[in-house]
**Student:** 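Below you'll find the structure I mean.
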Amino acid sequence: MNSLILVVDDETNITDVCSVYLKREGYQVMTAESGDEALRLWRQHNPELIVLDLMMPGTTGWQVCEEIRNEQDVPIIMLTARGDEMDRLMGLTMGADDYMTKPFSPRELVLRVKAILRRQQRNQLVLPEMAEVTPSHIMRFPGLELNVLHRTVRVNEKEIELTVKEFELLHLFVRHPEQVFSRNQLLNKVWDVDYYGDTTTVTVHIRRLREKIEANPSQPRFIKTVWGIGYKFEGREPS
């Protein structure tokens, strides 16, 4: 395993407990008690996942997440002391992969870390140097192209940046055009069967994905809402 996890919280008891439980599972753990320290450790050590408290004095978790997301797509689990839905939505909108409300179970944190990293590793494709990308690795639809090996997406010939989860959602959809997925199905398939969360995560990621690939997100061409059920992908030319 040996993945490096960065745990960021200004409460030492929280970083200590998280470290103990994560190390028991074989992870390497670094801790930071401020946003500035978190950014420094992130740049120096390039952790594979970050557990990030939102409400810290000085540089907040919001600011840390924003700065990291401007440069990298490392998975982030946000911690919030409040169960307020707006906090959760803001965190997910900013690019967090998951969130937990304090007080939380360290065992559940470990399960979420495992699920996110396992899913990421399962979908991570390593390209040999100078490998040739064959047509089977490229999925094309009118105005949309996915290169599965390079994990890139082009909309109307322009390359766009997607987070890990956004790419996995889109990849799932394009592999099953016209198939309707419920939010729970998407949660299980993209966030892993061991993921414990609510479907708000799916809703927010669908919205962010639409904002990136749709000309008019309020009237999507590709990712359609099937009312009362979930979503489906349509790759045909609009009539």
Side-chain angles (χ1 to χ4, degrees), residues 69 73 75-78 85-86 88-99 111-112 115-125 133-239:
R69 278 290 173 263
D73 193 32
I76 296 175
I77 299 177
M78 282 190 165
E85 183 181 12
M86 188 56 65
R88 300 198 300 271
L89 292 175
M90 283 184 64
L92 293 168
T93 300
M94 289 179 66
D97 295 86
D98 197 0
Y99 63 86
L111 287 174
R112 295 191 185 209
I116 290 173
L117 290 179
R118 183 168 58 243
R119 186 72 188 184
Q120 186 179 41
Q121 290 162 2
R122 188 182 301 159
N123 286 276
Q124 193 171 39
L125 297 170
V133 178
T134 67
S136 62
H137 300 136
I138 299 176
M139 308 176 77
R140 290 191 178 95
F141 301 88
L144 179 67
E145 177 185 294
L146 268 75
N147 185 314
V148 179
L149 284 182
H150 291 156
R151 294 182 69 85
T152 57
V153 176
R154 300 177 70 87
V155 176
N156 295 324
E157 302 301 324
K158 180 180 179 181
E159 186 167 327
I160 61 170
E161 292 187 9
L162 298 184
T163 67
V164 172
K165 287 294 181 288
E166 289 165 358
F167 185 90
E168 290 175 6
L169 269 175
L170 185 57
H171 189 200
L172 176 65
F173 277 127
V174 300
R175 284 187 288 119
H176 304 279
E178 304 298 331
Q179 180 175 337
V180 179
F181 291 96
S182 70
R183 290 175 178 82
N184 281 323
Q185 287 176 319
L186 293 171
L187 192 66
N188 289 335
K189 289 179 179 295
V190 175
W191 279 262
D192 204 283
V193 293
D194 291 332
Y195 176 87
Y196 295 93
D198 63 42
T199 56
T200 302
T201 301
V202 175
T203 304
V204 172
H205 279 78
I206 291 288
R207 187 182 71 209
R208 285 167 41 195
L209 183 56
R210 282 173 168 166
E211 289 172 350
K212 293 182 178 182
I213 70 170
E214 303 281 4
N216 183 356
S218 62
Q219 295 182 332
R221 168 185 166 189
F222 297 114
I223 300 177
K224 303 283 190 177
T225 299
V226 181
W227 296 107
I229 303 177
Y231 306 95
K232 69 174 182 176
F233 176 82
E234 290 187 1
R236 303 185 304 267
E237 284 276 17
S239 57

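Every heavy atom of this structure was used, including side-chain atoms; hydrogens, water molecules and symmetry mates were not.
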**Student:** Roughly how far, to the nearest 0.5 Å, is the OH atom of Y231 from the CG atom of L186?
**Tutor:**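 Between atom CG of L186 and atom OH of Y231 there are 8.0 Å.
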**Student:** To the nearest 0.5 Å, what is the distance between CZ (R118) and CG (L111)?
**Tutor:**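 The CG atom of L111 is 9.0 Å from CZ of R118, to the nearest 0.5 Å.
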**Student:** What's the spacing between K189 NZ and H176 NE2 if we round to 0.5 Å?
**Tutor:**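 Going from NZ on K189 over to NE2 on H176, the span is 6.5 Å.
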**Student:** How long is the straight-line distance from CD1 of I76 back to CD1 of I116, given to the nearest 0.5 Å?
**Tutor:**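 One gets 10.0 Å once the value is rounded to the nearest 0.5 Å.
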**Student:** Roughly how far apart are I77 CD1 and D98 CG, rounded to 0.5 Å?
**Tutor:**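 Nearest 0.5 Å value for the CD1-CG distance: 5.5 Å.
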**Student:** Does any part of the side chain of R151, heavy atoms only, come nearer than 4.5 Å to the side chain of H171, both counted from C-beta?
**Tutor:**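 H171 vs R151: side chains apart.
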**Student:** Classify the ring geometry between F181 and F173 as parallel (under 30°), tilted (30 to 60°) or perpendicular (over 60°).
**Tutor:**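 Because their plane-to-plane angle is over 60°, the rings of F181 and F173 count as perpendicular.
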**Student:** Counting N and O atoms only, with roles assigned by atom type, does the side chain of R210 sit under 3.5 Å from a partner on the main chain of I223, one being a donor and the other an acceptor?
**Tutor:**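 A pair under 3.5 Å: yes.
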**Student:** Taking H205 for its side chain and T201 for its backbone only, find out whether a donor-acceptor pair lies under 3.5 Å.
**Tutor:**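 Between the backbone of T201 and the side chain of H205 there is a qualifying donor-acceptor contact (under 3.5 Å).
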**Student:** Which heavy atom of Q185 sits nearest to which heavy atom of S182, and what is that distance?
**Tutor:**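 For Q185 and S182, the tightest heavy-atom pair comes out as OE1-N, 2.9 Å.
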**Student:** So, taking the atom named CZ in R207 and the one named CD in E214, what distance separates them when rounded to the nearest 0.5 Å?
**Tutor:**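 Here the interatomic distance stands at 14.5 Å.
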**Student:** Can you tell me if K212 uses its side chain to pair, donor with acceptor, with the backbone of R208 under 3.5 Å?
**Tutor:**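 Side chain of K212 to backbone of R208: no pair is present.
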**Student:** Take a 6.0 Å sphere around CD of E161 and say whether it holds more than 12 heavy atoms from other residues, nucleotides or ligands.
**Tutor:**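 Counting neighbours around CD of E161, 12 or fewer heavy atoms of other residues, nucleotides or ligands fall under 6.0 Å, so no.
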**Student:** If you look at every heavy atom in M139 and R175, which pair is closest and at what distance?
**Tutor:**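 Residues M139 and R175, closest heavy atoms: CE-CG, 3.8 Å.
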**Student:** Are side-chain heavy atoms of L169 and F233 found at a separation under 4.5 Å?
**Tutor:**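 SC-SC contact between L169 and F233 ruled out.
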**Student:** Do any N or O atoms from the side chain of E145 and from the backbone of I138 form a donor-acceptor pair under 3.5 angstrom?
**Tutor:**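 A pair under 3.5 Å: no.
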**Student:** Give a yes or no answer on whether the side chain of R221 reaches the backbone of I213 with a donor-acceptor pair at less than 3.5 Å.
**Tutor:**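 Looks like no, no N/O pair under 3.5 Å.
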